[in-house]
Enquirer: 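Got a structure for you, written out below as structure tokens; questions coming shortly.
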Amino acid sequence: QLQASGGGLVQAGGSLRLSCAASGGDVSSYAMGWFRQAPGKEREFVATISWSGGYTNYANSVKGRFAISRDNTKNTMYLQMNSLRPEDTAVYYCAAEASPVGAEVAGDVDYWGQGTQVTVSS
């Protein structure tokens with residue numbers, strides 16, 4: 001089970017740190033990632049990290065502003081979000097995929113977290 005947390009309401013330009021904790025299983029061998037879904041839109045890829053942390057990838061819209069990381073000793077993944085914009089407003093979902101690289105395609109994800117709301121006001 002994946003449990004996402006850390007969402008909230010923040011002003012444009014602010015920061016938030018999302019966490020995704022895994023319980024009931026070991027995800028250290030899984031690629032993990034973050035996706036988001038805004039009202040009326042499809043779920044989209046945000047960022048991913050390989051099981052070792054050696055590979056990361058980001059959507060162009062968040063490059064240079066967001067940073068993904070993981071701590072396998074704590075079975076937890078993080079997303080540091082800086083310079084937030086109103087267009088970042090969405091429900092953010094964490095994901096795990098049995099992939100040697102990353103979790104970048106929603107249809108390939110094996111496990112989903114429940115989502116955490118991020119709202120950025122202008």
Side-chain angles (χ1 to χ4, degrees):
Q1 183 178 1
L2 301 177
Q3 181 75 30
S5 62
L9 173 64
V10 64
Q11 288 188 332
S15 298
L16 283 174
R17 188 193 196 203
L18 305 184
S19 297
C20 175
S23 61
D26 183 3
V27 295
S28 61
S29 63
Y30 281 72
M32 298 189 74
W34 291 96
F35 292 75
R36 66 187 182 187
Q37 188 166 18
K41 295 188 176 182
E42 292 187 354
R43 192 169 299 189
E44 65 174 4
F45 165 74
V46 175
T48 189
I49 187 166
S50 63
W51 68 270
S52 68
Y55 169 81
T56 59
N57 194 27
Y58 299 88
N60 288 335
S61 59
V62 307
K63 277 182 182 176
R65 300 187 298 122
F66 291 10
I68 191 170
S69 61
R70 66 189 295 167
D71 184 341
N72 286 340
T73 65
K74 298 181 179 179
N75 242 8
T76 302
M77 171 183 64
Y78 306 97
L79 185 69
Q80 178 66 43
M81 304 187 296
N82 300 324
S83 302
L84 283 161
R85 304 167 180 170
E87 53 264 40
D88 294 318
T89 295
V91 177
Y92 283 69
Y93 297 89
C94 59
E97 181 181 330
S99 165
V101 188
E104 303 182 34
V105 179
D108 294 337
V109 167
D110 295 301
Y111 302 100
W112 289 102
Q114 89 289 0
T116 184
Q117 176 70 47
V118 171
T119 303
V120 184
S121 63
S122 57

Enquirer: Looking only at non-hydrogen atoms, find the nearest pair between Asp88 and Arg36 and report the distance.
Expert: OD1-NH1, 2.9 Å
Enquirer: Quick one: CZ on Phe66 to OG1 on Thr56, what's the gap to the nearest 0.5 Å?
Expert: 14.5 Å
Enquirer: Could you report the tightest heavy-atom contact between Ala98 and Asp110, atom names first, then the distance?
Expert: N-OD2, 2.7 Å
Enquirer: Quick one: does any side-chain atom of Ser99 pair with a main-chain N or O of Ala103 as donor and acceptor, under 3.5 Å?
Expert: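 Side chain of Ser99 to backbone of Ala103, a donor-acceptor pair under 3.5 Å: no, none is there.
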Enquirer: Under the rule for ring pair (Phe, Tyr, Trp, His ring centres under 6.0 Å), what residues qualify as partners of Tyr111, not counting sequence neighbours?
Expert: Tyr30
Enquirer: Which heavy atom in Gly115 sits nearest to a heavy atom in Val91, and how many Å separate them?
Expert: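 For Gly115 versus Val91, the nearest heavy atoms are CA-CG1, 3.8 Å.
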Enquirer: Just so I know, are the side chains of Val46 and Tyr93 near enough to count as touching, which here means a heavy-atom distance under 4.5 Å?
Expert: no
Enquirer: Of all the heavy-atom pairs spanning Gln37 and Ala90, show the shortest one and how long it is.
Expert: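 Closest heavy-atom pair between Gln37 and Ala90: O-CB, 3.5 Å.
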Enquirer: If you take all heavy atoms of Tyr58 and Ile68, which pair is closest and at what distance?
Expert: OH-N, 2.9 Å
Enquirer: Can any side-chain N or O of Thr48 pair as donor or acceptor with the backbone N or O of Met32 at less than 3.5 Å?
Expert: yes
Enquirer: For residues Ala31 and Val101, report the shortest heavy-atom separation together with the two atoms involved.
Expert: CB-O, 3.4 Å
Enquirer: Between the side chains of Thr119 and Gln117, is a donor N or O closer than 3.5 angstrom to an acceptor N or O?
Expert: yes
